[in-house]
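Below is one structure, written out as structure tokens, with a few remarks after it.
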There are 2 protein chains.
Amino acid sequence: MKRMNAQARRVEVLAETVKQIREKGMQAVRIADVADAMDVSSALIIYHFETKERLLIDALTYAAERDLLKLGRIMRGSGSPAELLMAALEWYAPTGQARGWQIWVDAWSAAMRDVALAEVLVDLHRQWNKAISSVIDAGVLDGVFQSSNSLEAATRLTSFLDGLAVRMVVHKEPISRADLRAWLVRQVAWELAVDQSALGAVAPEK
Amino acid sequence: MKRMNAQARRVEVLAETVKQIREKGMQAVRIADVADAMDVSSALIIYHFETKERLLIDALTYAAERDLLKLGRIMRGSGSPAELLMAALEWYAPTGQARGWQIWVDAWSAAMRDVALAEVLVDLHRQWNKAISSVIDAGVLDGVFQSSNSLEAATRLTSFLDGLAVRMVVHKEPISRADLRAWLVRQVAWELAVDQSALGAVAPEK
DNA sequence: ATTCTTACTGAATGATTAGTCAGTATTCAC
DNA sequence: GTGAATACTGACTAATCATTCAGTAAGAAT
């Protein structure tokens with residue numbers, strides 16, 4: 001019987017829960033699934049999280065925080081506003097089987113009826129929006145971008161990507177990385193009145 | 001005890017199920033909820049649908065068919081391609097509390113793990129895409145629109161609206177009908193290289 | 001009118017699973 | 001080393017629900 005301090009164990013459980021949600025979907029995860037995968041008792045999970053609902057919310061919060069940390073790392077990197085913007089958006093964008101996205105589609109569905117969860121998502125989104133609009137503002141200051149309302153522009157861009165995520169994750173439409181990138185560059189270029197080449201477009205479309 | 005023929009009863013049950021899904025969310029609907037609301041026994045539901053899973057899939061199929069009927073009515077109406085396109089997209093677009101959209105966000109989540117349901121959604125989306133791309137093609141023939149790939153253009157437009165639906169339904173961001181319409185007009189105008197006024201824009205933005 | 005088919009019900013069943021709790025073992029404080 | 005706090009478990013409980021089934025009655029067929 002391994003004993004850990006509560007803090008470390010909590011994180012371990014959260015990580016496993018996120019993994020299970022990815023695999024089985026949010027509504028199908030059972031406490032026993034998480035416990036079995038960690039080779040501990042179900043009671044251990046309840047001991048640390050009180051209820052299943054809290055566990056799920058905490059797990060999604062944990063996933064959101066990790067995503068935001070990564071976003072922070074991207075935004076703090078060196079590069080022009082255009083480069084940073086594209087780096088952030090490309091990371092946000094669904095790619096491949098978009099496994100990372102499934103959890104958020106699940107979360108959308110659950111959040112419609114769960115206020116606490118909705119708050120987590122709203123906050124996550126607010127931070128994304130803030131980050132994106134900040135680089136847009138920086139670009140506007142530099143004179144490379146043009147935008148009368150960077151927050152709205154950010155909303156439009158992320159909404160577009162959310163919609164594409166649905167196509168890929170739900171409809172299993174295989175949009176290639178190259179296509180997605182091209183669409184994104186096109187959209188950003190138009191939205192911010194900037195040339196596609198400034199966004200790192202490989203070759204202009206004919 | 002009222003007796004109805006199977007066909008009519010089925011439809012009645014499907015309508016009530018859709019209503020219940022809207023109210024409670026897909027994963028929370030119980031057979032007893034549907035039965036109680038109709039003042040019949042739970043066994044009646046199973047008698048007509050075999051399993052709950054089938055009931056839910058049939059209910060979403062029913063909802064999809066009704067949406068497509070409405071789409072057909074719009075597309076068969078009189079009007080220029082530009083008018084028809086905007087009518088279709090504005091009906092697709094989430095409005096107000098977007099109650100009608102909740103069911104589809106639920107469906108997205110469920111469809112990621114349910115092949116039968118995914119097929120329903122893929123088909124629904126395929127038909128939307130076909131309809132939208134058809135009017136685009138018609139507009140291109142008329143010389144009002146420009147588009148090198150109407151199917152891809154349709155995907156981009158509906159994806160954008162799906163993303164906005166998430167904002168409204170999940171994040172409860174109140175995007176006004178006017179704002180949404182303005183964003184949509186802007187996007188369509190750019191996507192199809194047409195003037196906003198041709199799309200029924202009330203006043204140009206300053 | 002009688003039979004047959006079909007729509008329907010009430011009551012039971014069985015499977016699932018979140019959460020409880022009394023107790024055990026480990027670590028920590030001193 | 002002793003005791004207290006803490007992490008943890010096994011076995012149980014209680015509740016929830018989909019589904020079954022034996023039977024009932026409405027309506028159709030003859």
Side-chain angles (χ1 to χ4, degrees), chain A residues 1-21 23-62 106-107 109-110 113-117, chain B residues 1-62 106-107 109-110 113-114 116-117:
Chain A
M1 196 197 303
K2 274 183 204 168
R3 257 173 88 102
M4 303 179 59
N5 73 71
Q7 181 58 23
R9 184 63 102 184
R10 272 184 66 91
V11 173
E12 214 185 55
V13 173
L14 289 175
E16 181 60 42
T17 304
V18 169
K19 200 175 153 198
Q20 293 288 326
I21 294 176
E23 279 172 27
K24 304 192 209 307
M26 207 178 168
Q27 62 141 341
V29 194
R30 287 168 302 117
I31 289 187
D33 291 332
V34 178
D36 290 353
M38 296 177 65
D39 209 41
V40 296
S41 70
S42 292
L44 183 271
I45 312 290
I46 296 291
Y47 173 75
H48 285 292
F49 294 90
E50 302 284 328
T51 66
K52 185 190 175 185
E53 209 194 336
R54 261 214 186 70
L55 170 67
L56 291 178
I57 291 179
D58 286 359
L60 289 174
T61 307
Y62 174 75
D106 267 346
S109 168
R113 268 94 190 182
D114 184 326
V115 186
L117 190 46
Chain B
M1 193 198 305
K2 275 186 203 167
R3 257 174 87 100
M4 304 180 57
N5 73 70
Q7 180 59 22
R9 184 63 102 184
R10 271 184 66 91
V11 174
E12 215 185 53
V13 173
L14 290 173
E16 182 59 43
T17 304
V18 170
K19 199 176 154 198
Q20 293 288 326
I21 294 177
R22 286 222 168 87
E23 278 171 28
K24 304 191 209 305
M26 206 176 168
Q27 62 142 343
V29 193
R30 292 158 221 319
I31 289 190
D33 292 332
V34 178
D36 290 353
M38 298 178 64
D39 208 42
V40 296
S41 70
S42 292
L44 184 270
I45 312 289
I46 296 290
Y47 173 73
H48 285 293
F49 293 90
E50 302 283 327
T51 67
K52 184 191 176 184
E53 208 194 337
R54 260 213 185 71
L55 170 67
L56 291 177
I57 292 179
D58 286 1
L60 289 174
T61 307
Y62 173 77
D106 268 345
S109 168
R113 268 93 189 183
D114 183 328
L117 190 45

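Quick note: numbers below take in every heavy atom, side chains included, and nothing from hydrogens, waters or symmetry partners. Sequence lines set the chain letters: A, B, ... in the order given, protein chains first and strands last, and positions in each chain run from 1.
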Option from A:E16, A:R9, A:E12 for which side chain to side chain contact (heavy atoms under 4.5 Å, CB included) with A:V40 holds: A:R9
Would you mind checking if B:D58 and B:R10 are paired as a salt bridge, meaning a charged N to carboxylate O distance below 4.0 Å? yes
Any Lys/Arg nitrogen of B:D106 or A:R113 sitting under 4.0 Å from an Asp/Glu carboxylate oxygen of the other? yes
Indicate whether OP1 or OP2 belonging to C:dA7 is found under 4.0 Å from a side-chain N or O atom of B:R10. no
Which whole-number value in Å describes the distance from A:I45 CD1 to C:dT17 C1'? 14 Å
May I have the distance from A:I31 (atom CD1) to C:dT20 (atom P), rounded to whole angstrom? 10 Å
Counting side-chain heavy atoms from CB outward, which of C:dT9, D:dT19, C:dG19 is closest to B:S41? C:dT9
Donor/acceptor link under 3.5 angstrom from A:R30 side chain onto base of C:dT16: no
OP1 or OP2 of C:dC8 under 4.0 Å from side-chain N/O of B:R9: yes
Figure out the CD/C1' separation between A:Q27 and C:dT17, and round it to whole Å. 14 Å
Among the nucleotides C:dC21, C:dG19, D:dT20, whichever has the atom closest to the side chain of B:A43 is D:dT20
Look at the side-chain N and O atoms of B:H48 and state whether any lies under 4.0 Å from the OP1 or OP2 oxygen of C:dT6. no
If you assign B:Y47 and A:S42 each to the DNA chain C nucleotide with the nearest heavy atom, which residue ends up on the more 5' nucleotide? B:Y47
Rounding to a whole Å, what distance do you find between B:R54:CZ and D:dA18:P? 16 Å
Counting only N and O atoms by type, is there a donor-acceptor contact under 3.5 Å from the side chain of A:K19 to the main-chain atoms of A:L14? no
Could you state the CG-P distance from B:D39 to C:dC8, rounded to the nearest angstrom? 13 Å
Looking only at C:dT9, D:dT6, D:dC8, the nucleotide nearest the B:V40 side chain is C:dT9
Consider the side chain of B:L44, meaning its heavy atoms from C-beta on, and name the nucleotide among C:dC8, C:dT20, D:dA18 that approaches it most closely. C:dC8
Is there a side-chain contact between A:E53 and A:D114 in this structure, where contact means two heavy atoms from C-beta onward sitting under 4.5 Å apart? yes
Picking from D:dA7, D:dA18, D:dA25, the nucleotide nearest the side-chain atoms of A:R3 would be D:dA7
